[in-house]
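Chain letters run A, B, ... following the sequence lines, proteins first, then strands; residues in each count from 1. For clarity, every value in this text was computed on a predicted model and none was experimentally measured.
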Number of protein chains: 2
Amino acid sequence: MSKAKFDTKSKIQDVAERFIIQGGYGNFSFRDIAEAVGIKSASVHYHYRTKGDLVATVMARYTHTFSLMLPDPHNEELDAKHLLNSFIDGFKDKIVTNGDMSLCTMLTSNKPILPEPVCDELAVFYKVKLDWVTQVLVRLEQVTEEEALIKASQLLACLHGASILVQGTNDPTFFDRALSYWKIAYV
Amino acid sequence: MSKAKFDTKSKIQDVAERFIIQGGYGNFSFRDIAEAVGIKSASVHYHYRTKGDLVATVMARYTHTFSLMLPDPHNEELDAKHLLNSFIDGFKDKIVTNGDMSLCTMLTSNKPILPEPVCDELAVFYKVKLDWVTQVLVRLEQVTEEEALIKASQLLACLHGASILVQGTNDPTFFDRALSYWKIAYV
DNA sequence: AATAAAATACCTATCACTAGATAGATAAAA
DNA sequence: TTTTATCTATCTAGTGATAGGTATTTTATT
């Protein structure tokens, strides 16, 4: 296994991920990627046959990396409050500090033009995320999964909505206002 | 003033609005609009010189219509609880019943490719919306504008985030879960 | 170890198509 | 006779994708 192979393949994914975050599915081309990586567009097609393949792979990798980063919510050695706060802060970092949108928010807003494999990967991601937050809230609030699911839905909606509104209003302080309920409740 | 002129002009806006809601800024063309209206793409350019002009006009019209629909938040004859609930239900109707995204959410997610006039109209819309909810909450919770702004930010984030997550998870029930806090608090 | 075969990773060139936009003609209405 | 609203035709600049070629590296066979 040559090094070059994997370097290029993942470089393409890195670049594609950035482009998606910054402009969505429709706003970058194979030529854009090629230029950023330093190869020709035909070579990008060599690694990923279609745009759908590429983006589905990027989304799958994102989900994978994301789930590896999430601590086990059932690990009693970890404080549930701390787990949740780190989760919120991680999101805030992307949105406020880096001024980005989250990959999944961008792709979701492009859903009408997404190839099905991408939609499928997207759904997987949301499931992983919702499940994790739900499990943490079961511990934190000592409630049933059903009740925790409701709270988890509220938190995720707040987070994703905050990211939209920070962008739409050009006001980074929107994030903290939108999340203040959760930070007060758990800090 | 001929009737035809205004019919076509607003028909173009109607069609453009639908296209934006269904696919965002980048996923429709002057030809698509022309076909839907029943004219040629060059004729669309006659009414709106550029795509940016057209979409900025659509967004401005949306804000205008929206603000006309909003009852006066200071009108003491109107129940504040009812105002807020109607606001939430109106949003839910679009998202869950019609399965649409809101115009502003779509455009915000396309922000990196939006011409500046569109961004400006977008900011105006969010300001109108946030101000209105804030005023209603001042009455409802008997708090300062500052505190009401925080609550308003939370509610708007919840609403917009819920719309994203309903789409991303293919689960319309997400909306009610995400908004349950607000419905419980005020019904 | 030497050589043949195959896979890898790139290239050039091009296809069919769509985009936003413009020039200039035409017909009807003011 | 000018304005309005439409048309046809076309431009330039992109798009995703493919065909087919060329080195280089791996693997298999002698």
Side-chain angles (χ1 to χ4, degrees), chain A residues 1-20 22-59 106-107 110-119, chain B residues 1-20 22-59 106-107 110-119:
Chain A
M1 264 176 202
S2 70
K3 259 176 290 179
K5 174 186 172 182
F6 276 82
D7 282 345
T8 301
K9 253 189 144 76
S10 64
K11 188 81 191 293
I12 290 171
Q13 287 190 46
D14 294 344
V15 166
E17 188 172 320
R18 270 247 68 78
F19 278 131
I20 297 166
Q22 279 165 3
Y25 185 86
N27 199 39
F28 70 96
S29 68
F30 274 65
R31 285 167 181 80
D32 293 331
I33 291 178
E35 194 184 5
V37 173
I39 56 177
K40 297 293 168 182
S41 76
S43 308
V44 181
H45 278 284
Y46 168 76
H47 292 283
Y48 300 97
R49 219 175 54 78
T50 68
K51 196 175 186 181
D53 287 345
L54 168 55
V55 176
T57 305
V58 168
M59 191 63 229
M106 282 312 280
L107 286 177
N110 295 142
K111 237 194 155 190
I113 54 167
L114 294 184
E116 230 186 79
V118 182
C119 292
Chain B
M1 265 175 203
S2 70
K3 259 177 290 179
K5 173 186 171 182
F6 276 81
D7 283 343
T8 301
K9 253 190 142 78
S10 64
K11 188 82 191 293
I12 290 172
Q13 287 190 47
D14 294 344
V15 166
E17 188 172 319
R18 271 247 69 77
F19 278 131
I20 297 165
Q22 279 164 2
Y25 185 85
N27 198 39
F28 70 95
S29 68
F30 273 65
R31 286 168 180 81
D32 293 330
I33 291 180
E35 193 184 6
V37 173
I39 56 177
K40 297 293 169 180
S41 77
S43 308
V44 181
H45 278 285
Y46 168 75
H47 292 285
Y48 299 96
R49 218 175 54 79
T50 69
K51 196 175 187 181
D53 287 344
L54 168 55
V55 176
T57 306
V58 168
M59 191 62 227
M106 281 314 280
L107 285 178
N110 295 142
K111 236 193 156 191
I113 54 167
L114 294 184
E116 230 186 79
V118 181
C119 292

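At a threshold of 4.0 angstrom between heavy atoms, the contacts of Arg49(A) are confined to the sugar-phosphate backbone, with no base atom among them. Heavy atoms of Phe28(B) sit under 4.0 angstrom from primed sugar atoms or phosphate atoms, though from no base atom. Contacts of Tyr46(B) with the nucleic acid, taken as non-hydrogen atoms under 4.0 Å apart, include base atoms.
The interatomic distance linking Arg31(A) (CZ) with dC17(C) (C1') rounds to 12 Å, in whole Å. If you take CD1 of Ile33(B) and C1' of dA19(C), they are 13 Å apart, rounded to a whole angstrom. If you take NZ of Lys51(A) and P of dG14(D), they are 15 Å apart, rounded to a whole angstrom. At whole-Å resolution of the value, CZ in Phe30(B) and C1' in dA13(D) are 16 Å apart. The distance from atom OH of Tyr25(B) to atom C1' of dA19(C) is 12 Å, rounded to the nearest whole Å. Across the protein-nucleic acid pair, Lys40(A) atom NZ and dA19(D) atom P stand 21 Å apart, rounded to whole Å. His45(A) places its NE2 atom 13 Å from the C1' atom of dT14(C), with the value rounded to the nearest Å. One can place CG of Asp32(A) at 16 Å from P of dA13(D), the figure rounded to the nearest angstrom.
The shortest non-hydrogen separation linking Thr8(A) to His47(A) is CG2-NE2, 3.6 Å. The two residues Val15(B) and Ala36(B) come nearest to each other via the heavy atoms CG1-CB, 3.6 Å.
Judged by closest nucleotide on DNA chain D, Ser43(B) is the one of Ser41(A) and Ser43(B) placed further toward the 5' end.
Side chain of Asn110(A) to main chain of Tyr25(A): a donor-acceptor pair is present (N/O by atom type, distance under 3.5 Å, no hydrogens or angles).
Residue Ser29(A) places none of its side-chain N or O atoms closer than 4.0 Å to OP1 or OP2 of dG14(D). The side chain of His47(A) contributes an N or O atom lying less than 4.0 Å from OP1 or OP2 of dC10(C).
Relative to the ring axis of Phe30(B), Lys40(B) does not place its NZ or CZ within 45° and under 6.0 Å from the centre. Under a cutoff of 6.0 Å and an axis angle of 45°, Lys51(A) and Phe28(A) form a cation-pi pair.
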